[in-house]
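Okay, structure first, notes after.
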Amino acid sequence: MREDDRYDATPYVPDGAGLAALRRAAAGCEGCPLHRDATQTVFGSGDTAARVLLVGEQPGDQEDRRGEPFVGPAGKLLARAIDDAGLDPAGTYVTNAVKHFKFTRTGSGKRRIHKAPGLRELSACKPWLLAELRAVEPEVVVALGATAGKALRGSAFRVTKERGVPLPLPDADGAVLVATIHPSAVLRADEDREAVYAGLVADLRVAAGALRPD
Ligand code: URA
Ligand code: SF4
């Protein structure tokens with residue numbers, strides 16, 4: 001067996017646990033090598049009965065230090081977009097496809113540069129995401145960017161082709177998936193940043209529209 005084949009969080013995930021117990025258990029996950037260099041596990045957070053569950057890629061530098069998802073610049077932009085889309089921020093739960101920060105260091109070793117997680121890490125960490133989906137039972141799941149889309153729909157997922165429309169989500173019974181761009185893509189856009197932001201908000205409005213009527 002190749003060493004890669006052993007990357008798997010499953011042995012660390014307690015059966016049938018609620019979010020609090022899952023979060024405690026995830027703090028000790030060694031399902032893949034990413035736990036070695038990161039500061040801590042960054043588990044999901046938010047409303048435990050959220051109707052909308054949003055999935056990012058992985059914690060960034062600030063999230064890694066603070067232990068909470070989406071507390072850095074991308075998180076601030078996401079909060080604004082959620083609000084502009086008419087979603088109730090108090091009724092959301094945010095998490096990431098991968099729960100540890102993957103990075104390389106600059107030459108001097110001072111700065112940590114985000115490195116995209118690979119398919120091995122995505123599949124290793126997926127049991128935590130599935131456990132969160134089971135515990136929260138959202139009506140709508142939002143994939144923020146290609147990595148979250150691949151985690152939820154498989155490696156053939158293309159966000160440019162499949163964004164902004166409700167898609168079936170076999171992993172979460174009764175829930176629909178809406179994919180959109182990652183909020184960092186708005187921050188990185190050199191031109192037309194407003195249009196890129198408006199696209200994110202439009203997709204989140206599709207997610208709002210996919211909620212069951214009250
Ligand atoms: N980007 C993500 O995908 N997730 C975070 O938690 C922060 C930035
Ligand atoms: Fe476990 Fe996921 Fe962290 Fe890997 S990234 S050690 S699977 S929590």
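For ligands, and for the atoms within them, numbers begin at 1 and follow the listed sequence. Scope of the values below: all heavy atoms of this structure, side chains included, with no hydrogens, waters or symmetry mates.
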Report task. With heavy atoms of V98 as the reference, note each atom of ligand 2 found under 4.0 Å away. Result -> 5 (S)

Report summary line: Closest non-hydrogen atoms of F43 and P69, given as atom of the first, atom of the second and distance, are O-CD, 3.3 Å

Query raised in the report: Roughly how far apart are R163 CZ and I181 CD1, rounded to 0.5 Å?
Result: 5.0 Å

Report summary line: R205 and D84 have their tightest heavy-atom pair at NH2-O, 3.1 Å

What are the atom names and distances for all N or O pairs under 3.5 Å between ligand 1 and the protein?
from, atom 1, to, atom 2, distance (Å)
ligand 1, 1 (N), H182, NE2, 3.3
ligand 1, 3 (O), E57, N, 2.8
ligand 1, 3 (O), Q58, O, 3.4
ligand 1, 3 (O), N96, OD1, 3.3
ligand 1, 3 (O), H182, NE2, 2.7
ligand 1, 4 (N), Q58, O, 3.0
ligand 1, 4 (N), N96, OD1, 2.7
ligand 1, 6 (O), F70, N, 2.9
ligand 1, 6 (O), N96, ND2, 3.0

Report summary line: Per salt bridge (charged side-chain N to carboxylate O under 4.0 Å, His left out), K99 is matched among E121, E132, E68 by E132

Report task. Would you please name every residue forming a ring-ring contact (aromatic ring centres under 6.0 Å, His included) with F101, sequence neighbours left out? Result -> F103

Query - Sole residue of L133, V55, L19 in side chain to side chain contact (heavy atoms under 4.5 Å, CB included) with Y93 - result: L19

Going by atom type alone, with no hydrogens or angles, which donor-acceptor pairs under 3.5 Å involve a side-chain atom of residues 138-146 and a protein atom two or more places apart or on another chain?
from, atom 1, to, atom 2, distance (Å)
E139, OE1, R51, NH2, 3.3
E139, OE1, R212, N, 2.8
E139, OE2, R51, NE, 2.8
E139, OE2, R51, NH2, 3.4

**Report entry** Pairwise side-chain contact, H100 with V42, heavy-atom cut-off 4.5 Å (strictly under)
**Finding:** no

Requested in this report: For D88 and A90, indicate whether the former's side chain and the latter's backbone hold a donor-acceptor pair under 3.5 Å.
Outcome: yes

Query raised in the report: What are the protein N/O/S atoms, named by residue and atom, that sit under 2.8 Å from atom 1 (Fe) of ligand 2?
Result: C29 SG

Query - Sidechain N-carboxylate O distance under 4.0 Å for R111, D61 - result: no

